[in-house]
Amino acid sequence: MKFRYDVVVIGGGHAGCEAAHAAARMGAKTCLITMDMNKIGQMSCNPAVGGIAKGQIVREIDALGGKMGEVTDHTSIQFRMLNRSKGPAMWSPRSQTDRGKFIWAWRKILENTPNLSIWQDTANSFIFANGGGEELPKITGVKTQLGVEFEAKTVVLTAGTFLNGLMHIGRTMIQGGRISEPASYGISDQLKKMGIRTARMKTGTPVRIDGRTIDFSKAECQNGETDFHKFSFLDYEAHHDLPQMSCWTIQTNEAVHEVLRRGLPDSPLYNGQIQSIGPRYCPSIETKLVTFPDKDHHLLFLEPEGNDTQEYYLNGFSSSLPIEIQYEALRKIPALEHAEIYRPGYAIEYDFFDPTQLTHSLESKVIENLFLAGQVNGTTGYEEAAGQGLVAGINAAIRVRGEDPFILGRDEAYIGVLIDDLVTKGVDEPYRMFTSRAEYRILLRQDDADMRLTPKGYAMGLADQYRYDLMISKKESIEKLLEFCRSFHVKLSFNDSLSQIGSSTLKEGCKLISLLERPELSFQILKDFIPELNDALESISNRREEIIEATEIRIKYAGYIERERIIADKISRLEKVRLPKDIDYNMLSQLTIEARQKLSRIRPVNIAQASRIPGVSPADINILLVLLGR
């Protein structure tokens with residue numbers, strides 16, 4: 001083997017898999033370096049993909065030509081669309097997956113991707129060409145534990161929780177990046193010396209339970225859905241490949257809480273052992289007790305790990321308390337009175353790098369040709385990592401070509417919101433995506449991610465012709481159905497049917513689209529009363545349910561979509577007002593001191609990004625516009 005590559009990706013987690021696949025698909029000679037090929041795409045925490053806003057990210061990854069959606073559909077053991085009681089901007093797909101099959105589905109993809117090699121080893125240092133004068137240091141390669149040196153034009157670092165990883169179970173501390181897996185040393189210290197700011201974060205995971213010892217008669221069953229919804233926009237029926245399984249809900253009680261409180265003096269979170277900050281929106285069970293002392297129960301979810309295992313994940317019971325405390329507390333829950341566990345929950349501390357030192361392409365501002373993605377940027381979650389990995393892999397390949405970087409706007413994708421938040425605002429706790437973080441939620445719905453992003457993926461060579469043709473076919477079908485609704489005239493004689501349906505009658509004839517704007521009416525209801533509509537729906541030969549749903553959303557929310565588009569276009573004008581790279585903000589006395597400090601540290605590329613920096617006020621933005629002659 002000749003260890004010379006265009007792109008070297010370090011880490012085989014969700015970010016690394018997407019980065020390596022994307023770079024190779026775009027024609028870059030790529031190598032993925034991973035500690036263990038049997039842990040590629042490993043789900044370190046819960047065996048699920050998607051959820052609130054996370055599901056939208058997965059659909060965006062798929063629309064661009066990434067693989068997380070396909071892998072999830074092929075290995076799904078339960079699928080649900082969350083937030084159905086709210087508007088479609090909030091609908092979020094989520095899937096339980098078979099953890100073991102998820103790994104092997106990813107391996108099958110990666111091992112059969114042209115231009116992609118895999119090397120099982122641990123990267124422990126980088127090779128640099130020193131910059132001189134105004135030039136930045138340039139990364140030129142990677143060294144590994146086995147003594148192999150890789151030449152690389154670009155490097156993507158996706159090391160997850162492995163950089164100086166330290167696990168905590170009670171007062172026991174174990175070095176490692178994941179239970180029973182070694183940590184990675186050397187890289188953080190080297191990058192810190194090069195000027196990259198680093199700090200520590202903490203995350204955790206719950207106990208794993210032997211399903212044979214769970215009394216499911218004392219738990220409430222939570223079944224999945226079996227309609228047309230899935231993650232990938234490709235038109236296969238992959239979401240029914242595997243036998244579907246149920247999740248179960250149970251609750252803690254005061255007896256459980258009493259045991260847990262007894263263990264707090266030995267909790268690493270409260271005895272000073274852990275100094276770093278954990279995820280606010282995924283707290284440990286002991287944090288819940290301290291934060292909500294008056295609450296007498298907390299909801300927990302028993303999630304199956306796969307078809308061929310008895311292992312269950314106890315969602316909501318993340319903990320780093322001593323093993324005996326975790327075990328005793330579990331057995332105070334009626335469904336778990338006789339439970340046996342495979343392993344306890346634990347917390348892990350790890351190094352991350354200040355994401356404000358990255359550009360929107362996820363390339364380092366400090367070291368040329370180095371890209372960072374995933375938890376090393378201060379995020380938490382498989383989906384957030386995968387979205388970053390995809391963008392980093394794309395841009396690493398583009399960098400080799402010498403072309404302009406690929407950047408997603410906040411009005412184009414949740415991935416764009418995620419990256420802009422990271423590089424503009426930074427993080428002081430593990431970043432998790434929510435729909436509330438996106439100001440253009442109605443434009444970023446899960447149902448139209450392919451319309452938004454597949455043309456971009458196709459133009460780059462990431463999305464293939466088949467995917468692009470499917471998107472075009474869907475778009476044409478939606479437009480055809482919309483045109484039918486705009487042109488079909490409903491006469492006053494239809495009032496009898498409207499009365500039967502329970503909708504208000506017409507005072508004059510109208511177009512069908514006007515009826516569909518009513519919240520209580522739908523294609524499904526009206527087709528039984530309008531034969532021409534039923535014929536139009538039946539004429540859709542492929543992906544009928546998906547097209548009908550997308551069309552109905554377009555009709556019912558047309559006013560909101562148009563209004564949000566106008567607002568987004570106004571804001572996008574500020575993206576075109578570039579800020580000089582060499583501007584010295586400290587010399588601009590008209591700005592507040594905080595604004596000068598923040599602008600000097602983050603170095604925004606345009607006025608729009610500057611306006612999103614915490615501490616930079618509208619008055620500061622007006623001053624910048626005046627100084628730029630705008």
Side-chain angles (χ1 to χ4, degrees), residues 3-10 19 23 26-31 33 123-144 149-159 163 186-199 351-373 376-377 388 391-407 419-420 422-424 426 578-588 596-606 609-610 613 628:
F3 298 98
R4 300 190 190 97
Y5 293 94
D6 295 321
V7 179
V8 168
V9 179
I10 298 172
M26 292 174 65
K29 187 181 179 186
T30 305
C31 184
I33 301 176
N124 54 18
S125 64
F126 295 127
I127 304 167
F128 295 100
N130 292 327
E134 295 183 359
E135 291 186 6
L136 296 175
K138 182 183 296 184
I139 198 161
T140 59
V142 177
K143 293 181 181 179
T144 73
E149 292 191 7
F150 289 81
E151 292 182 23
K153 295 176 182 176
T154 58
V155 173
V156 183
L157 177 61
T158 69
L163 298 179
I187 286 177
S188 289
D189 292 339
Q190 187 183 23
L191 294 183
K192 189 174 182 179
K193 289 177 182 176
M194 302 292 288
I196 291 182
R197 294 188 289 269
T198 183
D351 290 347
F352 80 98
F353 306 111
D354 181 359
T356 63
Q357 291 185 298
L358 301 174
T359 66
H360 281 80
S361 70
L362 295 180
E363 184 177 6
S364 172
K365 296 177 182 176
V366 179
I367 299 170
E368 192 176 333
N369 297 336
L370 173 63
F371 295 80
L372 287 84
V376 294
N377 288 340
Q388 292 174 71
V391 171
I394 289 170
N395 280 305
I398 287 175
R399 190 79 160 87
V400 173
R401 297 178 187 172
E403 299 172 358
D404 291 336
F406 172 71
I407 296 171
I419 293 174
D420 184 66
L422 291 175
V423 304
T424 302
R578 310 284 294 184
L579 288 163
K581 289 184 179 180
D582 57 353
I583 187 171
D584 187 351
Y585 293 105
N586 290 317
M587 297 297 293
L588 304 180
R596 279 179 260 166
Q597 292 172 343
K598 296 285 183 68
L599 291 166
S600 297
R601 185 167 68 89
I602 295 172
R603 309 297 305 177
V605 296
N606 55 49
Q609 185 188 357
I613 297 173
L628 290 169

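As the structure is a computational prediction, the values presented were derived from the model and not from experiment. Below, each value reflects all heavy atoms present in this structure, side chains not excepted, and no hydrogens, waters or symmetry copies.
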Nearest non-hydrogen partners of [X] and [Y], listed with the distance:
| X | Y | answer |
| --- | --- | --- |
| V142 | A123 | CG1-CB, 3.7 Å |
| M194 | V366 | O-CG1, 3.2 Å |
| L579 | A610 | CD1-CB, 4.1 Å |
| A129 | T140 | CB-CG2, 3.8 Å |
| V376 | A159 | CG1-N, 3.7 Å |
| V7 | A397 | CG2-N, 4.1 Å |

Looking at side-chain heavy atoms only, is the closest gap between [X] and [Y] below 4.5 Å?
| X | Y | result |
| --- | --- | --- |
| L191 | T198 | no |
| E368 | E363 | yes |
| D354 | R601 | yes |
| L628 | P580 | yes |
| F126 | I10 | yes |
| F3 | T144 | no |
| V423 | Q609 | yes |
| L588 | I583 | yes |

| said: Looking at D6 and K153, is any side-chain nitrogen of the basic one under 4.0 Å from a carboxylate oxygen of the acidic one? | reply: yes
Quick one: [atom1] on [X] to [atom2] on [Y], what's the gap to the nearest 0.5 Å?
| X | Y | atom1 | atom2 | result |
| --- | --- | --- | --- | --- |
| L599 | D584 | CG | CG | 11.5 Å |
| N369 | R399 | CG | CZ | 4.5 Å |
| Y585 | R596 | OH | CZ | 13.5 Å |
| T424 | K598 | OG1 | NZ | 12.0 Å |
| L136 | S364 | CG | OG | 7.5 Å |
| Q357 | I602 | CD | CD1 | 10.5 Å |

| query | When you look at V605 and R578, which way does the side-chain contact (heavy atoms from CB on, under 4.5 Å) test go after all the steps? | reply | CA-CA 6 Å; V605 296; R578 310 284 294 184; 4.3 Å; yes
| field | Check against side-chain contact (heavy atoms from CB on, under 4.5 Å), L422 and L358 | value | CA-CA 9 Å; L422 291 175; L358 301 174; over 6 Å; no
| query | With a cut-off of 6.0 Å (strictly less than), are more than 12 heavy atoms of other residues, nucleotides or ligands near NZ of K365? | reply | yes
| field | No-hydrogen, no-angle side-chain donor-acceptor test under 3.5 Å, N395 and S361 | value |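 No donor-acceptor contact under 3.5 Å links the two side chains.
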